[in-house]
Every structure is written in C-alpha cells, then in structure tokens.
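A note on names: the letters A, B, ... follow the listed sequences, proteins ahead of strands, and every chain is numbered from 1.
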2 protein chains.
Amino acid sequence: MDARSKTPPTSITEVTLDVLEDTLSFYIRTMNIAVSRDLDDKLEGLDVAKGTGKITTLLLVDSHPGIRPSIIAELILRDRSATGRLMEQMEDHGLITRRQSSTDSRVQELYITEKGAALAARIRPLVTEQSRDFFKFISPEEQQQLMDILKRAYRRIVGLP
Amino acid sequence: MDARSKTPPTSITEVTLDVLEDTLSFYIRTMNIAVSRDLDDKLEGLDVAKGTGKITTLLLVDSHPGIRPSIIAELILRDRSATGRLMEQMEDHGLITRRQSSTDSRVQELYITEKGAALAARIRPLVTEQSRDFFKFISPEEQQQLMDILKRAYRRIVGLP
DNA sequence: GAAATATAGTTGCAAATGTCCACTATCTGG
DNA sequence: CCAGATAGTGGACATTTGCAACTATATTTC
C-alpha cells in the first residue's frame, strides 16, 4: 500500500512505485528496455539490429576464431536452439561461416567473414560509445562501480570464475 | 580484437568478451535475461507471469486507485497500444476493472478487484524477496549503491524529478 | 466560438523472439 | 561395447512489441 489520495493521479510525478521503488530487479528490467531501445537506434540499419545476441556473437566470433555455438549460447544466456537460429541468421547475412570441427564432428567452428570483420570493427566503437553516452549523467566513478558489480553478477551467473 | 590463440576455445573460461567486457549496456541487457527468468520461476503460475508490465501494473493500480493506462505506459516504457492490451489482459484475468473517467471521457480509470488486491498482496513480498535473493551474493551496501544509481537513471529516463 | 492541435485509447498488421521438446549424430568413460 | 552426456537441428507455438491509422474528446489559439 501507499499514500493514497482521493483523486487519481494524473501525472507520473504523483505516483510512487510501491515496493518496486526499492526493487533492484525492477530497475534492471526497466533499464534494459531503455538501453536496448537506445542501442537499436544507434545501430539502426547495421545488420545487427535488435538484441545482444547478434552483437555479442559477432564480436565473439571475430575475436575467437573457431568458437562454437554452444559456448556463445552459454554466454548470451540462450538455449542451443535459439542460438543455432542466430548463427544461421548471421551466416545468411554473410557475417560468419560455419565449419564442422575436424576433431569433434558434433561441433561447429565459427569464423568471421570479411564482411563480418568489417562490421565488427565498425560496431565496436559504437557499442562502447552508446553505453558511455547513455549513462553519461552518472559519474564515471559510479559507472565503474555499477559495471564492477554487474560484471561480478554476470560472471557468477554464467559460471565464470 | 583480443588475445587470439591458435586453437578455438572449448570452454567459456577461455573466452573474453571483447569490448563488451567493459560495456555497461551489455551487462544490463544480459542481467535482464537472468533476473527475468528467475523472477518468472518464482512467480510461476501466479497469473502475472512474464514481464515487468503486469507486476508493475498490478501494484500501481492497487496503490493508486483510478490511475490511468497512459501513466502506466510511461512508467513501464511501453507505448499506449501495448499498454492497452496489457490492461485488457489483466481485466480478462479479473485483476482490474476499467471505468471511463467522469471528468475526461477520453480517460479510463483503473481499479483493482478483490482478486487483484489479493494477488498484489501476495506478490509484493515475493518480488522483494526475489530481488534480494537473486543479488544476495553482492553485499547489501553494494546492492544499495547499485539501486541508487539505477533508480536515478530510471527516474531521469521516464522524466521524474 | 471555430479551427487547429494535442491527448487517450483501440485495432490491424506484422515481425521477431524465445521456449519446449523431440530427434540424430557423435563422443567419452567405465 | 554400452550408457550417458554433449552438439546441433527442426517443429510448433506462444508472446511480445512496435508502427500506423483512426476515433473521440480536450485544450489552445486566434
């Protein structure tokens, strides 16, 4: 419950968020929407639209030639099936190629294409910049704090040391 | 680019995230997946499944009787159309009711039903608890820090003072 | 007071995403 | 050599969200 007034609120400023006001999950979930939207705008038309999936994959394949889908799946927190489709999509776009591993024929090795590499090079600064700009109203120290904490959380969740 | 070894990585521990390693957006987006999934599990079967939308709406309507959809839309960062459907859904589930405002007939006033109120009461502690538990591996002080920063960001984005 | 502009909500359409599950192929360990 | 794990695929499906167009009603402006 909350401070209830007789008349319904007519502006967001008259509203409190109930328990969500102090709920970390709420802010993470909501900020996600905002950040993602902003990122999409900044990357508009870049073949790597919506979703952390594509960006992460592109960069990962670029910097770890031969990486396999299942590893990417773990890192982006999706199941193999979703990840597979993502790979397919990126292959269709000519960004990566898939090759069967010679040592274990169940696994695929992913490699970046020229086009993919070019895109990766182009995207890297954009992604960094977007993040910096988006959060520029909080101090660099706080950004760092925030990131340290979230990084720790992330690593713990995906099972990194 | 990144430390590249000749052989492809076979475990996530051998992988670095390229520039994403230091990109706040990446962590927000990824943590969002994790938190949301966890929350869904905790709330399973509770008529308020997937999405911040439903929870926020329920609590908001419960603590601000007569609140209108457009305000909720702003707070949950969705457009009116998506929000409208959300309201419809919740009405179908018997959680809220919609009534035309007597002072401005364009506007709807939302009210909680008994069922909705009961659910809100039940959910409040769950949501709080979920958030606390999910982040329990980071210290309370840091959780607080994190929340303060994100709260500030959120308020700025939706345009709250 | 009439016209122009803004706001609230609805609806159709479409696209994209993610999930569950079952299935095949292949590896590894006992 | 068999049992059980792991990698990838494909199907079916539900869900969500966004855009754009449209109506109704308020508000502002001249």
Side-chain angles (χ1 to χ4, degrees), chain A residues 8-12 29-30 32-34 36-38 40-41 44 47-57 66-93 96-110, chain B residues 8-12 29-30 32-34 36-41 44 47-57 66-93 96 98-110:
Chain A
T10 59
S11 150
I12 54 172
R29 285 153 63 93
T30 311
N32 169 59
I33 301 177
S36 300
R37 213 174 268 165
D38 183 63
D40 281 349
D41 289 350
E44 178 174 317
D47 222 0
V48 78
K50 315 268 175 195
T52 333
K54 293 184 196 111
I55 299 176
T56 309
T57 301
I67 193 173
R68 52 174 97 164
S70 54
I71 292 194
I72 295 183
E74 283 187 72
L75 291 171
I76 63 178
L77 268 41
R78 309 251 165 80
D79 71 359
R80 288 200 311 278
S81 124
T83 307
R85 286 186 243 268
L86 195 57
M87 302 304 121
E88 194 183 323
Q89 205 183 120
M90 301 195 59
E91 190 173 41
D92 288 346
H93 284 345
I96 64 174
T97 59
R98 294 190 273 193
R99 178 152 75 220
Q100 195 183 46
S101 159
S102 54
T103 61
D104 183 340
S105 47
R106 289 172 306 178
V107 334
Q108 300 179 344
E109 297 175 347
L110 305 172
Chain B
T10 60
S11 151
I12 54 172
R29 283 153 65 93
T30 312
N32 169 60
I33 300 177
S36 299
R37 216 175 263 164
D38 183 63
L39 184 57
D40 282 349
D41 289 350
E44 177 173 320
D47 220 4
V48 79
K50 314 270 173 196
T52 334
K54 293 184 194 109
I55 299 176
T56 309
T57 301
I67 192 173
R68 54 174 97 166
S70 53
I71 292 195
I72 295 182
E74 284 187 71
L75 291 170
I76 62 179
L77 267 42
R78 306 246 169 84
D79 71 357
R80 289 199 311 279
S81 114
T83 307
R85 285 186 244 265
L86 195 57
M87 301 305 120
E88 192 183 324
Q89 206 183 116
M90 301 195 60
E91 189 173 41
D92 289 346
H93 284 343
I96 64 174
R98 294 189 273 193
R99 176 152 77 222
Q100 194 183 49
S101 160
S102 54
T103 62
D104 182 339
S105 46
R106 291 170 308 177
V107 172
Q108 299 179 347
E109 295 175 347
L110 305 172

Between C:dA8 atom P and A:I12 atom CD1, what is the distance in whole Å? 12 Å
Interatomic distance where CD belongs to A:E44 and P belongs to D:dG18 [whole Å]: 15 Å
Looking only at C:dT17, D:dA7, C:dG9, the nucleotide nearest the A:Q89 side chain is C:dT17
In whole Å, I'd like the distance from the CG atom of A:D41 to the C1' atom of D:dT17. 15 Å
For a quick check of understanding: with a heavy-atom distance under 4.0 Å over all strands, which category does B:R85 fall into, base, sugar-phosphate or nothing? base
Candidates D:dA26, D:dA5, D:dT9 - which lies nearest the side chain of A:R106: D:dA5
Kindly give the heavy-atom pair with the smallest separation between A:S105 and A:Q100, and that separation in Å. O-NE2, 3.0 Å
Looking at C:dT26, I'd like to know if its phosphate oxygens (OP1 or OP2) sit under 4.0 Å from a side-chain N or O belonging to A:Q100. no
Tell me what A:D104 touches on the nucleic acid: a base, only sugar-phosphate, or nothing, going by heavy atoms under 4.0 Å. sugar-phosphate
At less than 3.5 Å, do the side-chain atoms of B:R80 and the base atoms of C:dG9 form a donor-acceptor pair? yes
Would you kindly give the CD1-to-P distance between A:I33 and D:dT17, to the nearest whole Å? 7 Å
Could you check if a side-chain atom of B:V48 sits within less than 4.5 angstrom of a side-chain atom of B:H93, using non-hydrogen atoms only? no
Separation of C:dT17 P from A:R78 CZ (nearest whole Å): 9 Å
Sorted by position of nearest nucleotide on DNA chain D, 5' first, the leading residue of A:E88 and B:L77 is A:E88
The single option from B:R98, B:E109, B:Q108, B:E88 passing side chain to side chain contact (heavy atoms under 4.5 Å, CB included) against B:P69: B:Q108
Measure the spacing between CG of A:N32 and CZ of A:R37 and express it to the nearest 0.5 Å. 10.0 Å
Does the side chain of A:K54 get closer than 4.0 angstrom to OP1 or OP2 of C:dA16 through an N or O atom? no
Out of C:dG9, D:dA7, D:dG18, which has the shortest distance to the side chain of A:R68? D:dA7
Result for side chain to side chain contact (heavy atoms under 4.5 Å, CB included) between A:M90 and one of A:T97, A:L110, A:T57 points to A:T57
Do you know the tightest heavy-atom contact between B:T56 and B:T52? OG1-O, 2.8 Å
Nearest whole Å is fine: how far is D:dG8 C1' from A:I71 CD1? 14 Å
What does B:S81 touch in the nucleic acid at a heavy-atom separation under 4.0 angstrom: a base, only the sugar-phosphate, or nothing? base
With nearest nucleotides of DNA chain C determined for B:E109 and A:D79 from heavy-atom distances, which residue corresponds to the more 5′ nucleotide? B:E109
Which nucleotide sits closest to the side chain of B:V107: C:dC20, D:dT17, C:dA8? C:dA8
Whichever of A:A82 and A:S105 has its nearest DNA chain C nucleotide further upstream toward 5': A:A82
To the nearest angstrom, the CD-C1' distance between A:E74 and D:dG8 comes to 14 Å
Return the value, rounded to whole Å, for the distance between atom CG of B:L86 and atom C1' of D:dT16. 10 Å
